[in-house]
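As the structure lists them, so they are numbered: ligands from 1, and atoms in each ligand from 1. Computed from a predicted structure; not experimentally measured. We use all heavy atoms of the structure for the numbers below, so side chains are in, but hydrogens, waters and symmetry mates are not.
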Amino acid sequence: MTVTYDHLLFEISKKGRRAYSLPESSVEKTELASVLPSHLLREEPAELPELSELQVMRHYTGLSNKNFGIETGFYPLGSCTMKYNPKINEDIARYSGFANIHPLQPEKSAQGALQLMHQLENSLKEVTGMDAISLQPAAGAQGEWAGLLIFKAYHEANGEGDQRRKILVPDSAHGTNPASAVVAGYDVVEIKSNEDGRVGVDALKAAVGPDTAGLMLTNPNTLGLFEVDIVEIAEIVHEAGGLLYYDGANANAILGKSTPGEMGFDVVHLNLHKTFSTPHGGGGPGSGPIGVKAYLTDFMPSPRIEKDGDYYKLTDNHPQSIGRVKGYYGNFGVNVRAYSYIRTMGAEGLQQVSEDAVLHANYLRARLSPYYDTPFSSHCKHEFVLSGNRQKKLGVRTADIAKRLLDYGFYSPTVYFPLIVDEALMIEPTETEAKETLDAFADALIEIAKDAETNPELVTGAPHTKAVKRLDEVTAARKPIVIYQKAHDNS
Ligand SMILES: *Cc1c(COP(=O)(O)O)cnc(C)c1O
């Protein structure tokens, strides 16, 4: 593969070159100086690149071809559920009736949109086993924060707001969990996982008390392991007067199989951009709806969508509500995709998602476990964690393995997370990949493991086929250069 370095537009600029020119206008020019205050006028023209239209087009098309995405290759990032999102859901989100409505339009003229949101809420109630849903939060992390504000409102309503200051978070949790707890004004207490990679019931018992506001948990957890003691865990927290928050980022593993509601959780979020067909990455728009049990509905974000006969309305007469957490009603386009996905998959299709996701993860795990350390012995759910410890002893780190995978055309799995596994490689194949793709990925990782023994420099020097090789990550983080500096004059 030949590798080319693309010049910046600034570097190929030629003085006076234009992409497009119009004939001289016969209309008299207005001098800017006569309409703008003099201190706002430039003394010299801005240094913009001067190029032909073809140069500009080829530059950007070339850059877009360098993008790696789920459309171009296998993307096994753990904890992210980078699954393929059927294009039909994109088409439906672009229907003009959905795409061209305005959030300030009168309720009466947006009945279809409100009906869709109401029906999506009903579907998500079934998926989560919760009694009420709010579609407002724009991401999982924002759902966590909103959910914890509901914890707070609940404890305050019970006169225990001052006393219940602590949120318990297992050490395997995603970083957003403790961060959201802090933003919501709580103190975080870390719960150590036991040797199986699960929440230790004894460690939990030792940590709960009258100061516990609640526990945040992902199930299956970020190691891809189901918390088999979840019913007992819920009882311990509830008996101490705390609430349970379900981080639903891993819902791909349990759709139609189990619900956080029946596991004993009080508040949940889902990531529609992970599990329900909105592409994610690149910052955005996402959606992190939250669901609550009946006794918490009064605290839900406002406004809420209510059905009155055949009429859908937004209500904001909820005096105990935590208030609005997002402008307007959340990211509506994401709601349309999720609705379309759920309706086109049906209940059985959603169950199949989980079965295939779990099957794919266990298949890869079985193929790779002779070559990499598997820190936890049990079957996994939708993702699993390997350790690169065996390779580290040969001088090959997990980061090297990740870079070498790029030469095979694969994106790297999540690395060095969760923090409780040394040299972690966290792999989530998702349900939408073909067996041939899984096999090619396994073959690549197996070959890398063999090279680590026989030809470690091949791995530690990777990537060999990419335009950009190893970066000086420390300097990039400590002394980033984020402004273009002109090296020479091309004119
Ligand atoms: C992605 C993720 C989150 C955060 O969700 P965002 O939508 O990215 O804010 C929380 N927990 C887990 C386990 C996740 O994978």
Side-chain angles (χ1 to χ4, degrees), residues 70 75-83 85 124 128 134-149 167-184 188 190-191 193 197-199 215-227 230 244-255 260 263 265 267-291 325-326 330-331 333-335 337-338 357 361 380-385 413-421 424 426-430:
I70 202 79
Y75 211 125
L77 269 189
S79 198
C80 293
T81 308
M82 301 297 297
K83 66 194 215 175
N85 301 302
L124 298 182
T128 56
S134 168
L135 300 171
Q136 270 187 42
Q142 205 195 7
E144 292 168 21
W145 169 72
L148 293 177
L149 292 185
I167 293 288
L168 314 179
V169 181
D171 55 6
S172 64
H174 192 275
T176 52
N177 290 189
S180 301
V182 170
V183 175
V188 176
E190 189 179 90
I191 307 290
S193 300
R198 298 181 168 90
V199 170
L215 169 74
M216 298 180 85
L217 204 62
T218 315
N219 198 18
N221 65 24
T222 57
L223 299 163
L225 303 173
F226 195 80
E227 296 283 356
I230 184 59
L244 278 96
Y245 184 90
Y246 182 81
D247 174 339
N250 291 343
N252 221 39
I254 63 153
L255 293 177
M263 294 180 210
F265 288 90
V267 182
V268 321
H269 84 252
L270 293 169
N271 303 58
L272 298 189
H273 48 286
K274 290 181 182 172
T275 317
F276 294 98
S277 192
T278 276
H280 80 291
S287 178
I290 51 171
V325 299
K326 169 85 175 69
N331 283 326
V334 183
N335 297 167
R337 289 171 177 85
C380 60
K381 289 287 178 246
H382 64 306
E383 64 189 359
F384 61 101
V385 177
T414 300
V415 294
Y416 299 108
F417 176 80
L419 306 175
I420 55 175
V421 172
M426 183 194 206
I427 298 170
E428 180 178 4
T430 85

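Looking at every heavy atom in both residues, Asn85 comes nearest to Ser277 through OD1-CA, 3.0 Å. Across all non-hydrogen atoms, the minimal contact from Arg198 to Asn221 is CA-ND2, 4.2 Å. Minimum heavy-atom separation, Leu270 to Gly248: CD2-O, 4.3 Å. What you find for His280 and His273 is that their closest heavy atoms are ND1-O, 3.0 Å.
If you check each of Glu144, His280, His273 against atom 8 (O) of ligand 1, the one with the closest non-hydrogen atom is His273.
Applying side chain to side chain contact (heavy atoms under 4.5 Å, CB included) to Asn250 and the options Lys381, His174, Glu383 leaves one that passes, Glu383.
Near Ala139, with a cut-off below 4.0 Å to any heavy atom, the atoms of ligand 1 are 7 (O), 9 (O). Heavy-atom contacts of Ala249 reach the following atoms of ligand 1: 2 (C), 11 (N), 12 (C), 13 (C), 14 (C), 15 (O) (cutoff under 4.0 Å).
Geometrically, ligand 1 and Gly140 share a nitrogen or oxygen pair separated by less than 3.5 Å. Remark: ligand 1 and Ala141 share an N or O pair separated by less than 3.5 Å (distance only, no angle test). Of the N or O atoms in Ser79, one or more lie within a sub-3.5 Å distance of an N or O in ligand 1. Checking only distances, Asn271 does come within under 3.5 Å of ligand 1, N or O to N or O. Considering backbone and side-chain N/O of His269, none are found under 3.5 Å from N/O of ligand 1.
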Requested in this report: Start with the C-alpha gap between Thr218 and Asn177, add the side-chain angles, then the distance that decides, and say whether side-chain contact (heavy atoms from CB on, under 4.5 Å) holds.
Outcome: CA-CA 10 Å; Thr218 315; Asn177 290 189; 4.1 Å; yes

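The closest protein non-hydrogen atom to atom 10 (C) of ligand 1 is Thr176 OG1, 3.1 Å. Of all protein heavy atoms, the one closest to atom 11 (N) of ligand 1 is Asp247 OD2, 2.5 Å.
Side chain of Thr414 to main chain of Gly78: a donor-acceptor pair is present (N/O by atom type, distance under 3.5 Å, no hydrogens or angles). No donor-acceptor distance shorter than 3.5 angstrom exists from the side chain of Glu144 to the backbone of Asp247, with no hydrogens or angles considered.
Residue Lys274 places a heavy atom less than 4.0 Å from ligand 1.
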